[in-house]
Amino acid sequence: QVQMVESGGKSVQAGGSLRLSCTISGLIFDEYKLAWFRQNSEHEREAVSCIAEKSGALTWLQDSVKGRFTTSRDNSKNTVYLQMDALKPEDSAMYYCAAGFRSCTDFFRDPSTVQYSGQGTQVTISS
């Protein structure tokens, strides 16, 4: 049984930083591409980042977060991270981690193409 536990979400002021973590069990971690999605009342679920399997040498970021967010993975800890800097109020959302075999391009095009998704962690940015 696959379990995904996100953490790190909280309320911070604009301009601040947060690091989200997602620890996954029940699958062969390094074989999966890992993504972060977000969803709020104004937007449907959208991909924020994606990192390739194995070493995670390749990453993809949504245009609106490039230069502010980075994603990384630690295969020894079965954990994927989303480092978020220079946060803006429009970054407020529930953030979900996800895992799958499809391409990161597929994840960005259609969030339903992931195989597994967590319960989410809330990020709230105040101006």
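Just so it is clear, the structure is predicted and the values come from calculations on it, not from any experiment. Both backbone and side-chain heavy atoms feed into the values below; hydrogens, waters and symmetry mates do not.
- Taking a 6.0 Å sphere around CD of Gln115, one finds it holds more than 12 heavy atoms contributed by other residues, nucleotides or ligands.
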#### Entry: Intermediate values then yes/no, side chain to side chain donor-acceptor pair (under 3.5 Å), Thr124 and Ser92
CA-CA 5 Å; Thr124 303; Ser92 297; 5.3 Å; no

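- With sequence neighbours left out, Lys88 forms a salt bridge (charged side-chain N to carboxylate O under 4.0 Å, His left out) with no residue at all.
- With sequence neighbours left out, the side-chain hydrogen bond (donor to acceptor under 3.5 Å, both in side chains) criterion links Tyr95 to Arg38.
- Residues in residues 5-21 take part in these side chain to side chain donor-acceptor pair (under 3.5 Å) pairs, two or more places apart or across chains: Ser17-Asp85.
- Ser117 is listed as a side-chain neighbour of Arg45, based on a closest heavy-atom distance under 4.5 Å.
- Sorted by first and then second residue, the salt bridge (Lys or Arg N to Asp or Glu O under 4.0 Å) pairs involving residues 111-127 (not counting sequence neighbours) form an empty list.
- Checked against side-chain hydrogen bond (donor to acceptor under 3.5 Å, both in side chains), Asn78 has no partners two or more places apart in sequence or in another chain.
- The two residues Gly9 and Thr121 make their nearest non-hydrogen contact at N-OG1, 3.0 Å.
- The pair Asp110-Arg102 does not meet the salt-bridge criterion, since no charged nitrogen lies less than 4.0 angstrom from a carboxylate oxygen.
- Contact detail for Gly8 and Leu20: the closest heavy-atom pair is C-CD2, 3.5 Å.
- Side-chain atoms of Ile125 and Val12, non-hydrogen and from C-beta on, do get closer than 4.5 Å to each other.
- Of all heavy-atom pairs between Pro111 and Phe37, the closest is CB-CE2, 3.5 Å.
- One distance of note links CZ of Phe29 with OG1 of Thr79; it measures 6.0 Å at 0.5 Å rounding.
- Classified by interplanar angle (parallel below 30°, tilted 30° to 60°, perpendicular above 60°), the ring pair Phe101/Tyr32 is parallel.
- Taken together through direct or relayed side-chain contacts under 4.5 Å among Ile, Leu, Val, Met, Phe, Trp and Tyr, Tyr81 and Val65 form parts of separate hydrophobic clusters.
- Residue Thr59 holds its OG1 atom at 13.5 Å from NZ of Lys33, rounded to the nearest 0.5 Å.
- A heavy-atom distance below 4.5 Å is not found between the side chains of Leu18 and Phe69.
- Transitive grouping of hydrophobic side chains (ILVMFWY, heavy atoms separated by less than 4.5 Å) brings Trp36 and Leu61 into a common cluster.
- Applying the salt bridge (Lys or Arg N to Asp or Glu O under 4.0 Å) definition to pairs two or more places apart or across chains, none involves residues 72-82.
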### Task
Begin with the C-alpha distance, continue with both residues' side-chain angles, and end with the deciding distance and a verdict on side chain to side chain contact (heavy atoms under 4.5 Å, CB included) for Asp91 and Arg68.
CA-CA 11 Å; Asp91 294 320; Arg68 301 188 297 121; 2.7 Å; yes

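- Note that CE of Met94 is 11.5 Å distant from OG of Ser41, once rounded to the nearest 0.5 Å.
- The distance from atom SG of Cys97 to atom CD1 of Ile24, rounded to the nearest 0.5 Å, is 5.0 Å.
- Linking ILVMFWY side-chain heavy atoms closer than 4.5 Å, directly or via other members, places Phe107 and Met4 in two distinct hydrophobic clusters.
- Here CZ of Phe108 is found 10.5 Å from OG of Ser103. Values are rounded to the nearest 0.5 Å.
- With hydrophobic clusters built from ILVMFWY side chains whose heavy atoms lie under 4.5 angstrom apart, Leu27 does not share a cluster with Tyr96.
- Atom-to-atom distance recorded for Ser127:OG and Leu87:CG is 13.0 Å, nearest 0.5 angstrom.
- Each of Val48 and Leu58 belongs to its own hydrophobic cluster when Ile, Leu, Val, Met, Phe, Trp and Tyr are linked at side-chain heavy-atom distances under 4.5 angstrom.
- Residues Leu34 and Ala99 come closest through the heavy atom pair CD2-CB, 3.7 Å.
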